[in-house]
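So you know, we letter chains A, B, ... as the sequences are listed, proteins then strands, and number each from 1.
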Amino acid sequence: MHEGVKKTRWDIIRPYVFIFPAMFFIFLFVVYPSIDLIIRSFQEWNLIAAPKWVGLENYKYNFGKREFVESIRNTAIYAVCMVGIGMTLSTLLAVWLKNNTWLNNLTRNVMFMPHVISLLSVAMVWTWIMNKDNGLLNTVLNIFGLPSLKWIDSRDTAMMSVIIVALWKALGYNTLLIHAAIQNIPSELYEAADLDNANRRSVFFKITLPMISPQLFTLLITNTIGSFKVFETIRIMTKGGPGSATQVLVYYIYKQAFQLNKIGLAAAAGVVLMAIVGVLTIVYFVVLSKKVHYQ
Amino acid sequence: MAEIRFEKVSKKFGTKTIIKDLDLTIEDGSFTVMIGPSGCGKTTLLRMIAGIGPQTSGKIYLDGKDISDIPPAKRNVAMVFQNYAIYPTMTVRENIEFGLKNNKVPKEERDRLVREVTESVGIDDLLERKPNTLSGGQRQRIALARAMIKKPKVFLMDEPLSNLDAKLRSGMRTELIELHKRLKTTFVYVTHDQIEAMSMASHIILMNDGEIIQSDSPRDIYNNPKNLFTAQFIGSPQMNVLKAAGNEISFCFRPEKVHMSIEASNLFYCRKGEIVTKEMLGSETLYQIRFEGQSVMVKSLDDNFQEGPIYISVDKQDILLFDIDDKIIPPHSTQHEQWLNIIGGVTYA
Ligand SMILES: Nc1ncnc2c1ncn2[C@@H]1O[C@H](COP(=O)(O)OP(=O)(O)O)[C@@H](O)[C@H]1O
Ligand SMILES: [Mg+2]
């Protein structure tokens with residue numbers, strides 16, 4: 001802009017024109033559906049008859065139903081295991097990968113593959129592996145003289161089985177990101193620590209962990225949100241069963257919306273999911289962001 | 001008490017040999033400066049002493065004891081890294097006391113030492129700050145405090161001042177000299193800056209390509225270079241090197257040893273030339289003078305000479321001669337006399 005030249009109307013409008021396309025699609029695909037979801041959660045609608053306003057009835061119904069409450073509990077268990085075990089394993093694996101042996105290099109190359117394979121195939125393959133009669137896992141257990149497990153066919157082990165599969169799929173991706181973060185730590189820090197007589201524990205907790213905390217924090221949030229939205233694995237492997245042993249929130253929503261045509265109930269459950277994820281994210285930021293080290 | 005001795009030490013990276021069969025003694029209590037062009041192996045040498053980049057073969061002794069197999073933390077050495085290697089996630093205090101904590105030093109003792117050390121380098125008011133809020137000079141002091149608090153037998157410093165601005169650097173130089181006087185421990189200090197080397201060292205080790213070119217006091221390194229490399233490396237601006245006797249001899253004198261005059265002088269070597277450029281350095285002035293198809297630099301306190309004809313002259317005792325292998329021809333030797341006579345002083349009446 002030249003000195004003394006008056007701003008034309010175009011100069012004022014221009015920035016808005018540039019961001020309009022992005023804003024338009026965000027509104028269309030994010031804001032509008034969220035508002036619509038909340039409105040639908042107060043209505044009763046079967047996709048055919050006209051929607052009827054029912055106030056908080058959908059919420060009352062859902063929370064009164066054992067299947068729904070269990071789905072929240074199961075989702076929470078799933079998320080805690082995925083985030084807790086998943087991130088711990090990924091971090092340990094990433095630290096181990098720092099060494100440079102052929103085994104490390106092999107692992108580094110193979111590790112990422114589960115992330116590339118479609119979840120559908122992964123779930124299918126693992127369903128065979130976990131087959132209670134002639135699956136690979138039971139065969140291995142038997143070789144070591146251990147009794148067979150019923151895996152996804154028992155209320156006691158179904159959730160664990162699903163978590164194992166999901167962990168197996170997610171581990172490589174998480175590890176790769178953490179490994180990249182670890183590679184970025186300047187080697188002089190470790191040398192200085194060596195001169196400072198730091199043992200491995202101290203090096204890990206005082207140097208490595210704080211240095212990769214930004215990446216861990218990001219992974220924590222994305223993994224938590226991802227875990228609460230778990231669906232495909234459950235849909236393919238257990239369909240929420242046996243009973244409601246692996247019933248999770250999104251599967252509950254799916255069932256209400258597309259099998260029972262109860263859009264209002266599905267919407268109310270969707271709002272609950274949105275609220276849980278939102279609150280957790282805020283809690284993470286409030287509690288943890290001060291502990292994260294940013295350059 | 002800490003004397004460091006290298007015995008046939010070699011260092012390879014992969015198949016590349018950086019240092020080969022090096023023998024070296026660093027005297028107890030000395031302020032030894034290792035200097036040399038970039039990539040000549042100074043850092044590599046320091047890291048071998050610290051044990052964080054151990055030698056491929058050979059032995060390193062500290063006070064006569066072989067430390068080759070002793071881990072870095074048990075060697076009684078402290079290191080200041082070139083980019084300080086301060087732990088970015090720890091506060092200044094945590095940075096400084098990390099080593100003590102790992103060595104299970106009790107809290108009161110730690111606090112006392114932290115106070116003592118940080119006061120002596122002037123960062124006692126920064127203890128709870130995070131490093132990313134501090135300036136380069138302050139970080140450098142943290143690195144120094146972190147080394148001092150260990151009360152090591154040997155301080156290893158890798159170009160500790162190279163990231164500071166000129167003013168801060170000269171201040172820190174003085175402080176390090178004082179620190180060495182006070183602690184009386186062995187300092188091994190790496191730099192590529194000859195002003196640092198000359199001003200701080202009690203002993204200078206000049207390196208090139210992984211080899212020791214000359215190991216001497218600053219005075220001898222400057223006045224009695226044993227070879228042309230030393231003669232040219234030390235001194236700013238560089239030693240003037242003229243080829244004589246059909247390139248068989250390098251005929252050298254320092255820019256600051258040249259006299260300039262409007263009239264011819266009766267010093268041994270006197271030539272008529274022409275001032276081509278003039279560069280004010282403040283207290284001194286740098287002249288570039290061309291004569292007989294060659295060009296020399298002259299450093300003079302007199303800034304009154306103007307571009308144009310001039311006589312330059314060098315005293316006999318300020319002339320150094322190097323043979324075809326770049327080795328010094330000892331001054332006062334008959335060989336030296338003979339060569340000087342061949343090259344010949346021209347006397348202008
Ligand atoms: N980790 C390493 N791997 C391979 N080569 C290295 C490594 N560290 C240093 N070198 C090589 O060793 C030589 C000496 O390096 P260095 O000791 O850092 O030089 P200086 O400190 O004198 O500048 C250089 O040629 C450098 O490329
Ligand atoms: Mg170096």
Participant: Would you mind checking if A/Asp196 and B/Lys150 are paired as a salt bridge, meaning a charged N to carboxylate O distance below 4.0 Å?
Facilitator: yes

Participant: Report yes or no: does B/Tyr87 contribute a side-chain atom to a donor-acceptor pair with the main-chain N or O of A/Ala193 at less than 3.5 Å?
Facilitator: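 Yes; at least one donor-acceptor contact below 3.5 Å.
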
Participant: Might you point out which heavy atoms bring B/Ala85 and A/Ala192 nearest each other, and give the distance in Å?
Facilitator: O-CB, 4.1 Å

Participant: Working to the nearest 0.5 Å, report the span between CG of A/Leu195 and NZ of B/Lys74.
Facilitator: 11.5 Å

Participant: Is there a side-chain contact between B/Phe81 and A/Leu189 in this structure, where contact means two heavy atoms from C-beta onward sitting under 4.5 Å apart?
Facilitator: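 They are not in side-chain contact.
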
Participant: Please determine, among B/Ile52, B/Thr89, B/Val77, the option with the most heavy-atom pairs under 4.5 Å with chain A.
Facilitator: B/Thr89

Participant: Might you confirm whether atom CZ of A/Phe112 has over 12 heavy atoms from other residues, nucleotides or ligands at distances under 6.0 Å?
Facilitator: yes

Participant: Could you grab the distance from atom NZ of A/Lys206 to atom CG of B/Asn95, nearest 0.5 Å is fine?
Facilitator: 11.5 Å

Participant: Identify the residues of residues 37-51 of chain B whose heavy atoms come closer than 4.5 Å to a heavy atom of chain A, ordered by number, or report 'none'.
Facilitator: B/Arg47, B/Ala50

Participant: Assess whether atom CG of A/Asn105 is packed by more than 12 heavy atoms of other residues, nucleotides or ligands within 6.0 Å.
Facilitator: yes

Participant: Step through the shown structure and confirm whether more than 12 heavy atoms of other residues, nucleotides or ligands are within 6.0 Å of CZ on B/Arg182.
Facilitator: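 Check passes, neighbour count above 12.
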
Participant: Please classify the contact between B/Arg75 and chain A as side chain, backbone, both or neither, with a heavy-atom cut-off of under 4.5 Å.
Facilitator: neither

Participant: For A/Lys169, look at atom NZ and say whether over 12 heavy atoms of other residues, nucleotides or ligands are found less than 6.0 Å away.
Facilitator: yes

Participant: What residue, out of B/Ala78, B/Pro71, B/Gly53, B/Pro72, has the most heavy-atom pairs lying under 4.5 Å from chain A?
Facilitator: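 The candidate making the most pairs under 4.5 Å is B/Pro72.
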
Participant: Between B/Ile86 and chain A, which part of the residue has a heavy atom less than 4.5 Å away: side chain, backbone, both or neither?
Facilitator: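 B/Ile86 touches chain A through backbone heavy atoms alone.
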
Participant: Using a 6.0 Å cut-off, check whether atom OH of A/Tyr173 has over 12 heavy atoms from anything other than its own residue.
Facilitator: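 Not buried by this count: 12 neighbours or fewer within 6.0 Å.
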
